[in-house]
Amino acid sequence: MEQKLRQVLDKRIKSAQQLKQFRQTLIDGKGEKRITVSVCGGTACLALGAREIVAAFTEEIEKHELQVKVEFKETGCQGFCARGPAVLVGPQKIFYQKVKPEDVPEIINETVLKGNIIKRLLYTDPATNQEITYESDVPFYKKQTRLIMGTNSEIDPTNIEQYIALGGYSALSKALFQLNPEKIVDEITRSGLRGRGGGGFPTGRKWQSCRAAEGDIKYVICNGDEGDPGSYQDGSILGGNPHSVIEGMIIGAFAIGSHEGYIYVRNEYPLAVKHARIAIEQAMDYGLLGDNILGSGFNFKVTINKGGGAFVCGESSALIASLEGKVGEPKAKYVHMAEKGLWDRPSLLNNVKTWANVPQIINKGSAWFS
Amino acid sequence: MDTSLDFSTVQAIIANKAVKVEALIDSYADKKEQLIALLQDVQVEFNYIPQDVIIKISQKLDIPLSQIFSVATFFKAFSLKPRGRHTITVCLGTACHVKGGQRLVDKLARDYHLMPGETTEDEKFTLEAVNCLGCCAMGPVVVVDDKYEGQVTPDKLDKILKKYE
């Protein structure tokens, strides 16, 4: 117990400088691992047998003693579910689709060890009948600029270090030490970011009124109760890159002066619930959540609430009723949530994807986003 | 399968459950706003929400019975009737519906006498119809317990269900 406690204490990052150093050690620590193999572990790929493929890779990598050379990971949803299970071999990102466990030894022998491409596993463009080797050339990906989901294939969602290595939590450190709450709200307002849950309400205006609202206790809420058929952005973000959402929430909390946050996720997304829960624990261990975040003196904690399977709870007043342990029925909103929300206190409620946008806007500036 | 248990074992199981319920409710003593989470835990423990547990929660946490009842009946995740050992979830979201999800529900009604929300007489299966599980590309989707099955046809469904006892 004592040892565990010490380990946890040791992990805590106590300043912006330490975070920077830690990131550098993570990048340097990769050393010889020049080849990456990432198996998509999103809901669809898992259902199509990704777990067996992960097991096969782990076995093959051990057999060939490639642990030092190959960085292997199971990631969140990579996007192209119709062609799952998907395997990406980096750094060039060779895209293999509909992979079966039997294909794994060949991928290791041919592609990883010799650099040969296995034609049989490539994606064929139905329009031109051409085989496509790299992920970036697949028409489905080619026309997208994937700001939020793009890094999913590089991150193991259950490992905070991989998020930090890719620049994660740098926006938080910028917000805490280089900006002040007014500036953050200003930046979000000027970026023109709007509610990504579909409502499209200007996010900056919401933040502004919540910041201005009177009350010493305020709440930050993340709405992950999406229920629109065929849209699973919230599930994929929370399952694939939960730290981007948490980082956004901490920045939002700092901007409006809140110390408590809730993530409300659908019960039907067990993967999102699990990964978000692990992410919160790890962020606590690393001193990125909890008391005195990064040594700034700012405190913030996040709790996960699972939905009860009611479609209407994606609506903000119903969601808040459900958080309060009541029947999730919508109410007439004569007063904005920003002024009177959870427990009748000012509450800042945004969609998962809206939160995930925040770190990038803070890092790259409002002009870049707008 | 030997299902006979002697009386003292049964008593021990019941007593054990009662202790667990007490402990569970006590762990929510200072956070009664998390009623939904508590009910979710009860649901996981018993596979349904027994009447005596509702009464106990009401007494221990000082929440009106009517409020617990309204929450327990409002959310789809809760059931007031015992549920089967396995839960079959059939997706009827738009994409799965188009690809034939309804045929699976029809088949279960016809061959297994199982309607959405209900449990088979032998308490083996409970059927849930849901809207979108977030993997439309492989529709129609059926989940049995935690295992996802894609592109399910009525014939394939038979084969899948045979695996469960």
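Quick note on labels: first sequence line is chain A, next is B, and so on, each numbered from 1.
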Shortest non-hydrogen separation from [X] to [Y] and the atoms involved:
X	Y	value
E268(A)	Y148(B)	O-OH, 4.2 Å
V327(A)	S70(B)	CG2-OG, 3.2 Å
C135(B)	T43(A)	SG-CG2, 4.1 Å
F75(B)	G328(A)	CZ-N, 3.8 Å
A77(B)	N267(A)	CB-ND2, 3.8 Å
K326(A)	I36(B)	O-CD1, 4.0 Å

Taking [atom1] in [X] as the centre, count heavy atoms belonging to other residues, nucleotides or ligands within less than 6.0 Å. Is the count above 12?
X	atom1	value
K159(B)	NZ	no
Y112(B)	OH	yes
E102(A)	CD	yes
K107(B)	NZ	yes
H97(B)	NE2	no
K99(B)	NZ	yes
D146(B)	CG	no
R85(B)	CZ	yes

Side chain, backbone, both or neither: which part of [X] has an atom under 4.5 Å from a heavy atom of chain B?
X	result
S322(A)	both
N305(A)	neither
R83(A)	neither
L46(A)	neither
C77(A)	neither

Does any non-hydrogen side-chain atom of F311(A) lie less than 4.5 Å from one of K76(B)? no
Taking E33(B) for the side chain and W343(A) for the main chain, is one N or O donor matched with an acceptor at less than 3.5 Å? no
When rounded to the nearest 0.5 Å, the distance separating CD of E324(A) from CD of Q34(B) is 12.5 Å
